[in-house]
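These notes are about the structure you will find just below.
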Amino acid sequence: MNKFIVTGGNRLDGEITVQGAKNSVLPILVATLLVNGESVIHNCPCLSDVDATIRILEYLGCMVTREGHTITVDSSTINRYDVPDNLMREMRSSIVFLGGIMGRMGKAVLSTPGGCEIGLRPIDLHLSSMEQFGANITTENGCLVCSSDGKGLQGTRIILSFPSVGATENIILSAVLAKGTTIISNAAREPEINDLADFLNKCGARIYGAGESTITIEGVSALKPCEHSIIPDRIVVATYMIATMMTGGKICIKDIVPSHIGPIIQPLRDAGCIISVSGRNVMAAAPNHLKRIRMIRTMPHPGFPTDVQAQMMALTTIADGTSVFVENIFESRYKHVGELLRFGSKISVEGRMAVVEGVKSLNGAKVKATDLRGGSAMILAGLCAEGKTEITEIHHIDRGYDEPEKVLSILGADIKRVNKDE
Ligand code: EPU
């Protein structure tokens with residue numbers, strides 16, 4: 001087991017590009033199941049969640065090759081429709097295989113994904129949507145058995161009670177090859193939904209309105225292979241911007257999609273950061289003193305992303321004054337708070353609300369990554385803390401960040417990945 005050793009105090013400064021988006025590449029790799037032939041996906045980050053997705057595709061009979069950041073999937077050899085429990089459990093978002101396998105095979109057997117570090121994560125919206133396509137769902141020995149009974153999926157109208165990202169993706173995957181038209185109301189509007197629709201439309205799907213609340217999908221009979229490049233990861237952009245702001249530095253991140261990071265720019269400006277966007281580049285410079293951010297409420301896109309809540313909280317631990325967070329998306333996404341306290345920060349949590357009283361400085365600490373984004377918040381706190389920080393359980397961080405130690409070192413950070421026993 002590896003750990004990160006961070007020696008705080010270096011001011012980050014420099015220019016970087018970021019990896020492709022984890023939350024795009026996962027559903028797009030699943031979507032290759034619907035294509036007859038070889039899909040070529042560029043700008044795929046090297047992440048353990050991507051490895052887990054590839055293992056499932058291979059288990060299903062697909063031929064997968066990887067060269068650098070390009071993954072090629074030939075799904076014409078698919079010969080199974082089940083995903084065993086051990087592979088399902090490797091990655092929470094494996095539920096998106098439900099739509100991919102059902103769309104291609106008309107039946108699917110998957111073990112039920114349990115809760116995870118950030119909450120219970122029920123799948124009721126995924127299952128009720130699948131039933132609306134005419135599928136039968138039963139549970140046998142802890143497995144979901146889903147079948148369209150040889151009739152194929154039928155286009156339908158689905159009104160989501162909450163704009164779930166994964167459920168919207170599953171509906172799109174089920175609808176592209178279904179008979180007739182599907183309309184999703186209250187669909188998720190995250191940029192990763194657009195990326196999935198862009199990929200599928202290049203393959204010949206007819207998806208209209210992705211990125212808006214109403215998405216219309218006209219079923220087609222087959223999809224043809226195409227090449228696609230994954231969008232830059234907006235959460236990773238936010239993470240490195242916040243890291244730099246916490247160390248009093250300045251950063252230029254090139255080749256981003258500015259509209260994707262809109263929701264995090266205003267809170268950073270509220271904290272006193274100077275942010276400018278020029279073309280596909282964003283520049284950020286830290287103020288002499290970070291100011292409090294009065295209130296951060298996580299919301300579905302285009303609201304403030306829950307995936308940046310932990311990192312922004314790390315920033316407010318050293319801001320002047322009191323900041324308040326309300327986590328509206330996941331019910332237990334404050335596991336990082338206990339670890340942030342070890343740095344000498346002042347945070348109290350009451351239900352979905354966290355109150356952060358800024359302190360003058362943090363002290364290096366021995367902490368663990370409690371989950372993916374909580375883990376990245378430990379790196380950020382370590383970078384601005386006095387002295388040494390040791391972060392264990394970094395496999396959580398490797399699920400979503402492609403070699404963060406290398407990217408941060410380019411910016412001047414002192415961070416090393418070492419074997420835990422060293
Ligand atoms: N929910 C239900 N029932 C459902 C589905 C969702 O109650 O059937 C609830 C969830 O329990 C949660 C809320 O709805 O409380 C939001 O869940 P959503 O389905 O939107 O999230 P997801 O698809 O499971 C994706 C990202 C998450 C990100 C969320 C919200 C992927 C692979 N994961 O999860 O990413 O936090 O959307 O934006 O796309 C991360 O990258 O760190 C991460 C957790």
Side-chain angles (χ1 to χ4, degrees), residues 19-31 45 47-50 52-53 56 88 90-100 112-132 137 144 158-173 184 186-196 230-231 233-239 260 263-264 297-312 326-336 352 369-377 396-402:
Q19 66 189 65
K22 165 179 89 75
N23 292 346
S24 265
V25 72
L26 301 180
I28 287 175
L29 285 175
V30 175
L47 304 172
S48 55
D49 269 10
V50 171
T53 307
I56 298 178
M88 276 302 277
E90 280 190 34
M91 184 183 58
R92 150 75 214 189
S93 52
S94 49
I95 188 62
V96 82
F97 271 97
L98 179 64
T112 38
C116 73
E117 302 81 25
I118 58 176
L120 292 172
R121 305 190 79 170
I123 54 166
D124 53 312
L125 299 174
H126 301 253
L127 300 185
S128 63
S129 307
M130 198 51 75
E131 282 172 341
Q132 290 181 65
I137 304 177
L144 294 168
I158 297 173
I159 302 170
L160 288 173
S161 55
F162 178 86
S164 155
V165 174
T168 303
E169 290 166 350
N170 253 331
I171 297 169
I172 292 174
L173 292 168
I184 317 172
N186 200 24
R189 292 187 282 161
E190 271 67 4
E192 293 76 21
I193 303 283
N194 290 55
D195 206 21
L196 173 64
I230 300 294
I231 55 170
D233 195 314
R234 63 196 167 101
I235 307 302
V236 172
V237 171
T239 304
H260 293 178
I264 59 125
R297 288 189 180 87
T298 65
M299 302 287 267
H301 192 77
F304 185 86
T306 174
D307 295 344
V308 186
Q309 177 253 108
Q311 302 90 311
M312 202 60 105
V326 181
E327 172 56 57
N328 290 308
I329 308 294
F330 292 105
E331 67 279 10
S332 50
R333 209 172 191 178
Y334 284 138
K335 298 241 161 70
H336 49 276
R352 286 182 179 264
T370 51
D371 59 275
L372 165 57
R373 307 303 171 187
S376 73
H396 289 295
I397 301 174
D398 291 331
R399 287 186 39 233
Y401 293 88
D402 189 344

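If you're wondering where the values come from, they're calculated on a predicted model, not measured in any experiment. Read the numbers this way: they start at 1 and go in the same order the structure lists the ligands and their atoms.
For Asp398, the salt bridge (Lys or Arg N to Asp or Glu O under 4.0 Å) test picks out Arg417, with sequence neighbours left out. Every residue meeting the salt bridge (Lys or Arg N to Asp or Glu O under 4.0 Å) condition with Glu192, not counting sequence neighbours, appears here in chain and number order: Arg234.
In terms of modelled atom types and a separation under 3.5 Å, the side chain of Ser24 and the main chain of Ala21 share no donor-acceptor contact.
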Tabulation required: pairs of a nitrogen or oxygen in ligand 1 and a protein nitrogen or oxygen under 3.5 Å; columns are atom names and distance to 0.1 Å; otherwise 'none'.
residue, atom, partner, partner atom, Å
ligand 1, 3 (N), Pro122, O, 3.3
ligand 1, 3 (N), Asp124, OD1, 2.7
ligand 1, 8 (O), Pro122, O, 3.3
ligand 1, 8 (O), Asp124, N, 3.2
ligand 1, 8 (O), Asp124, OD1, 3.3
ligand 1, 8 (O), Leu125, N, 2.7
ligand 1, 15 (O), Ile329, O, 2.5
ligand 1, 19 (O), Ser164, OG, 2.6
ligand 1, 20 (O), Val165, N, 2.8
ligand 1, 23 (O), Gly166, N, 2.7
ligand 1, 24 (O), Arg121, NH2, 2.8
ligand 1, 34 (O), Arg121, NH2, 3.3
ligand 1, 35 (O), Asn23, ND2, 3.2
ligand 1, 35 (O), Asp307, OD2, 3.2
ligand 1, 36 (O), Asp307, OD1, 2.5
ligand 1, 36 (O), Asp307, OD2, 3.4
ligand 1, 39 (O), Asn23, OD1, 3.4
ligand 1, 41 (O), Lys22, NZ, 3.1
ligand 1, 41 (O), Asn23, ND2, 3.2
ligand 1, 41 (O), Asp307, OD2, 3.4
ligand 1, 41 (O), Arg373, NH2, 2.8
ligand 1, 42 (O), Arg333, NH2, 3.1
ligand 1, 42 (O), Arg373, NE, 2.9

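Applying side chain to side chain contact (heavy atoms under 4.5 Å, CB included) to Thr168 and the options Ile171, Asn170, Ile172 leaves one that passes, Ile172.
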Please output the side-chain donor-acceptor pairs of residues 297-304 that fall under 3.5 Å, not counting sequence neighbours, one pair per line with the distance.
residue, atom, partner, partner atom, Å
Thr298, OG1, Glu327, OE1, 3.4
Thr298, OG1, Glu327, OE2, 3.1
Thr298, OG1, Asn328, N, 2.8

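Salt bridge absent: Asp307 and Lys22 never bring a charged side-chain N and a carboxylate O closer than 4.0 Å.
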